[in-house]
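Below is one structure, written out as structure tokens; comments come after it.
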Amino acid sequence: MSSYSIGQAARLLGVSGETVRRWADSGRLTMGRDGTGNRVIDGVGLARFAKSRAAEGDRGVAEVPRTSVRNSFTGIVTALKADDVVAQVEIQAGPHRMVSMVTREAVEELGLAVGVTVTARVKSTSVHVDRS
């Protein structure tokens with residue numbers, strides 16, 4: 001199972017680390033401790049939070065850093081449906097929700113699951129997913 005530090009969660013949600021800490025302290029976002037005592041967020045919980053936050057229209061104040069790659073969105077997998085051949089991958093990247101159809105084989109090779117960090121690259125009408 002994936003887990004995220006406060007800084008990693010902040011980047012995925014498009015907010016500051018302090019905002020993530022406030023959400024945790026207020027009980028809005030559930031955190032635990034790893035073996036060394038650092039605060040961590042489990043990936044499935046973070047995916048659920050990202051999805052509900054986007055549905056509420058709750059937007060962070062921090063600007064997501066720009067990248068030289070055009071139309072590239074780093075986010076968290078919030079849902080995954082697969083059959084024998086194809087899979088539907090839902091990604092929440094800050095306020096952006098993306099859905100990509102990929103092969104089941106690609107999902108398995110990338111190790112995609114709810115709570116995993118990915119980068120979606122949008123070109124024309126295609127969305128390509130890379131494991132981050």
Side-chain angles (χ1 to χ4, degrees):
M1 176 190 312
S2 297
S3 64
Y4 295 88
S5 69
I6 290 172
Q8 290 170 322
R11 282 188 295 281
L12 290 171
L13 296 171
V15 298
S16 70
E18 187 55 36
T19 297
V20 173
R21 285 183 195 87
R22 281 195 304 271
W23 286 338
D25 292 344
S26 71
R28 189 168 173 203
L29 180 60
T30 304
M31 281 196 197
R33 300 259 180 199
D34 66 12
T36 60
N38 292 320
R39 295 171 82 176
V40 293
I41 306 151
D42 90 278
V44 173
L46 183 59
R48 189 176 325 121
F49 179 80
K51 195 171 184 176
S52 69
R53 182 174 163 264
E56 295 167 2
D58 183 10
R59 303 291 184 254
V61 295
E63 178 77 16
V64 175
R66 300 281 182 208
T67 175
S68 63
V69 177
R70 290 177 154 247
N71 303 322
S72 176
F73 302 88
T74 299
I76 189 167
V77 175
T78 57
L80 184 67
K81 297 177 192 169
D83 65 18
D84 291 338
V85 178
V86 299
Q88 178 180 316
V89 182
E90 182 178 309
I91 302 162
Q92 191 70 44
H96 308 289
R97 176 183 171 265
M98 287 164 278
V99 178
S100 178
M101 298 299 287
V102 297
T103 65
R104 179 188 181 109
E105 181 180 8
V107 167
E108 292 169 356
E109 286 179 4
L110 291 170
L112 299 183
V114 172
V116 169
T117 304
V118 295
T119 300
R121 301 183 199 287
V122 180
K123 170 114 171 132
S124 192
T125 58
S126 298
V127 176
H128 303 269
V129 178
D130 301 324
R131 174 96 185 243
S132 298

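Judged as a salt bridge (charged side-chain N to carboxylate O under 4.0 Å, His left out), and not counting sequence neighbours, the contacts of Arg104 are Glu108. Under the rule for a ring pair (Phe, Tyr, Trp, His ring centres under 6.0 Å), Tyr4 has no partner lying at least two apart in sequence or in another chain. Considering only residues two or more places apart in sequence or on other chains, Asp34 meets the side chain to side chain contact (heavy atoms under 4.5 Å, CB included) condition with Thr36, Asn38, Val40. Asp83 meets the side-chain hydrogen bond (donor to acceptor under 3.5 Å, both in side chains) test with no other residue; sequence neighbours excluded. In this structure, the side chain to side chain contact (heavy atoms under 4.5 Å, CB included) partners of Ser5, at least two apart in sequence or on a different chain, are Gln8.
One distance of note links CZ of Arg48 with CD1 of Ile76; it measures 10.5 Å at 0.5 Å rounding. Thr119 contributes atom OG1, which lies 11.0 Å from atom CZ of Arg131 (distance to the nearest 0.5 angstrom). In this structure, Thr117 OG1 and Leu112 CG are separated by 11.0 Å, a value rounded to the nearest 0.5 Å.
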Only distances under 3.5 Å count here; give the side-chain donor-acceptor pairs of residues 91-101 to other protein atoms, sequence neighbours excluded, each with its distance to 0.1 Å.
from   : atom 1 : to     : atom 2 : distance (Å)
Gln92  : NE2    : Gly94  : O      : 3.0
Gln92  : NE2    : His96  : O      : 3.4
Arg97  : NH2    : Glu90  : OE1    : 3.2
Ser100 : OG     : Val127 : O      : 3.0

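Formation of a donor-acceptor pair under 3.5 Å by the Arg11 side chain with backbone atoms of Thr74 is not found in this model.
Residues Trp23 and Val15 have side chains in contact (heavy-atom distance under 4.5 Å, counting atoms from C-beta outward).
Ala87 approaches Val107 most closely through the heavy-atom pair CB-CG2, 3.5 Å. When all heavy atoms of Ser2 and Gly115 are compared, the closest pair comes out as CB-O, 3.6 Å. Across every non-hydrogen atom of Ile41 and Ala9, the tightest pair is CD1-CB, 3.5 Å. Taking every heavy atom of both residues into account, Met31 and Ile6 meet most closely at CE-CG1, 3.6 Å. Contact detail for Ala106 and Thr103: the closest heavy-atom pair is N-OG1, 3.0 Å. Considering every non-hydrogen atom in both Val114 and Leu80, the closest pair reads CG2-N, 4.3 Å.
Checked options Leu110, Val118, Val44; the residue passing with Val77 is Val118 (criterion: side-chain contact (heavy atoms from CB on, under 4.5 Å)).
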